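Please read the structure below before turning to the comments.
Quick caveat, the model's predicted, so the values are computed rather than measured.
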Amino acid sequence: RIKIKIKPGWDIEAVERTQALEPFAITAVEQPVAHAHVGTLAEELAREHDVSLLVTSPFRAERLREILGLRFESVRIVELTPGLSRGRRDHYLAERAVARTLKDFDVGIRVATGRVPEAAAPRNLLHVQAPFSPRRSPRGLWHRFRNRKALRGYERVFFNSRFTETMVRRVAPAVPGPTVLYPPVEHEARVPLPWNSREPVILAVGRFTDQGHPKRQMELVGLFRRLVDEGLSGYRLVLAGSVAPDAASQAYLRSVRAATEGYPVEVHTDLPRRDLVELYRRARIFWHATGLRLDEWRAPERLEHFGIAT
């Protein structure tokens with residue numbers, strides 16, 4: 001039986017912008033796409049293999065079950081370096097702990113969202129969930145060099161979309177084993193309502209943050225306010241998404257709520273899965289603004305990489 005370690009990585013670009021580490025771990029609910037992908041992969045592999053899921057922050061299995069429908073019934077959860085904060089030094093200590101632990105497993109499966117993590121297991125597979133930044137600044141060139149070097153330790157690399165693969169190959173042409181492995185999309189509203197039975201709702205789904213890979217709820221609220229001021233009536237805008245406990249995310253959420261005052265806009269955070277599915281089922285329009293006014297060739301990491309919510 002093959003023993004497999006699954007460990008998400010970190011977005012180093014977001015770290016540099018916010019000066020606060022956001023571990024890309026299965027427990028960080030503000031990254032639901034990655035968690036759905038990694039969690040589903042762990043559950044499927046656990047049907048035939050001995051699978052451990054390594055996390056470096058407190059694991060909230062019940063919360064993930066509620067939001068994403070993940071069960072982890074046959075997956076062993078291993079918490080490393082519990083109690084660490086989110087500083088750069090703690091990030092380094094957590095990464096070293098991960099590397100040491102991976103050496104005890106036969107296969108390591110890791111996730112990259114900008115920075116390629118160390119390939120520390122005897123055999124290593126990598127899933128890339130975001131394009132690498134093409135910026136040619138000294139810092140950008142250093143990360144490009146580092147990623148190319150780290151990629152040599154992986155015998156197979158997978159991408160979450162053709163877009164991600166195309167953009168990564170621009171800065172790392174020699175990526176081994178190009179294969180697209182799409183995220184799981186469970187369409188639970190299998191019987192859609194007819195148009196005349198749906199509610200006049202414009203729905204936008206995405207985590208509330210203005211850092212890293214923002215979903216731009218403030219821009220959506222501003223555009224909707226203008227539409228209402230110009231005569232749109234009968235419709236309401238519904239913003240749904242998760243929000244991290246850090247100060248920056250909470251401040252952004254407060255600013256979004258303040259911008260909605262006096263307008264038919266609803267803000268829902270951390271909805272149970274069944275309630276979110278019902279919103280999808282009843283809304284007439286889905287709206288998103290990720291990557292708004294950005295050039296995909298200059299900043300591909302800030303656009304939708306797959307777009308599971310869409």
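The minimum heavy-atom distance linking Q217 with V256 is given by the pair CB-CG2, 4.3 Å. Annotation for Y252 and F208: closest pair CD2-C, 3.7 Å, computed over non-hydrogen atoms. What you find for V180 and N160 is that their closest heavy atoms are CG1-C, 4.2 Å. R284 and Y235 get closest at one heavy-atom pair: NH1-OH, 3.4 Å. Contact detail for L102 and G108: the closest heavy-atom pair is CD2-CA, 4.3 Å. Summarising the geometry of V116 relative to A150, their closest heavy-atom pair is CG1-CB, 3.6 Å, with the distance given to 0.1 Å.
You'll find the side chain of Y280 reaches within 4.5 Å of the side chain of L276, heavy atoms only. Looking at F159 and V168, their side chains come closer than 4.5 Å, going by heavy atoms from C-beta outward. Looking at V267 and T260, their side chains come closer than 4.5 Å, going by heavy atoms from C-beta outward. Here the side chains of R146 and R115 are in contact, with some heavy-atom distance below 4.5 Å. Residues R162 and Y182 form a side-chain contact, since some pair of their non-hydrogen atoms from C-beta on lies under 4.5 Å apart. Annotation: side chain of H127 is in contact with side chain of L181 (closest heavy-atom distance under 4.5 Å). Two residues are said to be in side-chain contact when any heavy atoms from C-beta on lie closer than 4.5 Å; Q250 and V243 meet this criterion. For the pair L223/W287, a side-chain contact is recorded, criterion being any heavy-atom separation below 4.5 Å from C-beta on.
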Can you list, pair by pair, the side-chain donor-acceptor contacts under 3.5 Å of residues 117-124, counting residues two or more places apart and other chains?
from : atom 1 : to   : atom 2 : distance (Å)
E118 : OE1    : R96  : NH1    : 2.7
R123 : NE     : E155 : OE1    : 3.1
R123 : NH2    : E155 : OE2    : 2.7
N124 : OD1    : A120 : N      : 3.4
N124 : OD1    : A121 : N      : 3.0
N124 : ND2    : A121 : O      : 2.7

Which pairs of donor and acceptor atoms, one on a side chain in residues 197-206, lie under 3.5 Å apart (sequence neighbours left out)?
from : atom 1 : to   : atom 2 : distance (Å)
R198 : NE     : L193 : O      : 3.0
R198 : NH1    : R281 : O      : 3.4
R198 : NH1    : A283 : O      : 2.5
E199 : OE1    : R236 : NH2    : 3.1

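Between the CZ atom of F158 and the OG1 atom of T164 there is a distance of 14.5 Å, given to the nearest 0.5 Å. Expressed to the nearest 0.5 Å, how far CD of E44 lies from NE2 of H49 amounts to 11.0 Å. In this structure, the separation between CG on D270 and CG on D275 is 12.0 Å, given to the nearest 0.5 Å. Taking CE of M167 as the reference point, atom OG of S161 lies at 9.5 Å (rounded to 0.5 Å). Taken to the nearest 0.5 Å, the CD1 atom of I109 stands 5.0 Å off from the CG atom of L45. Taking CG from L227 and CZ from R225, the interatomic distance works out to 12.0 Å, rounded to the nearest 0.5 Å.
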Any chance you could lay out the side-chain contact (heavy atoms from CB on, under 4.5 Å) test for V111 and V128, step after step, and finish with the verdict? CA-CA 6 Å; V111 173; V128 182; over 6 Å; no
Kindly determine whether F224 and L220 satisfy side-chain contact (heavy atoms from CB on, under 4.5 Å), including the steps that lead there. CA-CA 6 Å; F224 184 74; L220 291 177; over 6 Å; no
When you look at K103 and F105, which way does the side-chain contact (heavy atoms from CB on, under 4.5 Å) test go after all the steps? CA-CA 6 Å; K103 297 181 186 300; F105 289 80; over 6 Å; no
Before giving the answer on side-chain contact (heavy atoms from CB on, under 4.5 Å), spell out for L53 and V78 the whole-Å C-alpha distance, their side-chain angles and the decisive distance to 0.1 Å. CA-CA 6 Å; L53 180 63; V78 180; over 6 Å; no
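Partners of T209 by side-chain contact (heavy atoms from CB on, under 4.5 Å), not counting sequence neighbours, listed by chain and number: R207, Q211, S249. Listed by chain and residue number, E304 satisfy the side-chain hydrogen bond (donor to acceptor under 3.5 Å, both in side chains) test with T290 (two or more places apart in sequence, or in another chain). Taking the side-chain contact (heavy atoms from CB on, under 4.5 Å) definition, one finds that S74 meets it with A46, sequence neighbours left out. With sequence neighbours left out, the ring pair (Phe, Tyr, Trp, His ring centres under 6.0 Å) criterion links Y263 to no other residue.
Using a cut-off of 4.0 Å between Lys/Arg side-chain N and Asp/Glu carboxylate O, E278 and R274 are scored as not salt-bridged.
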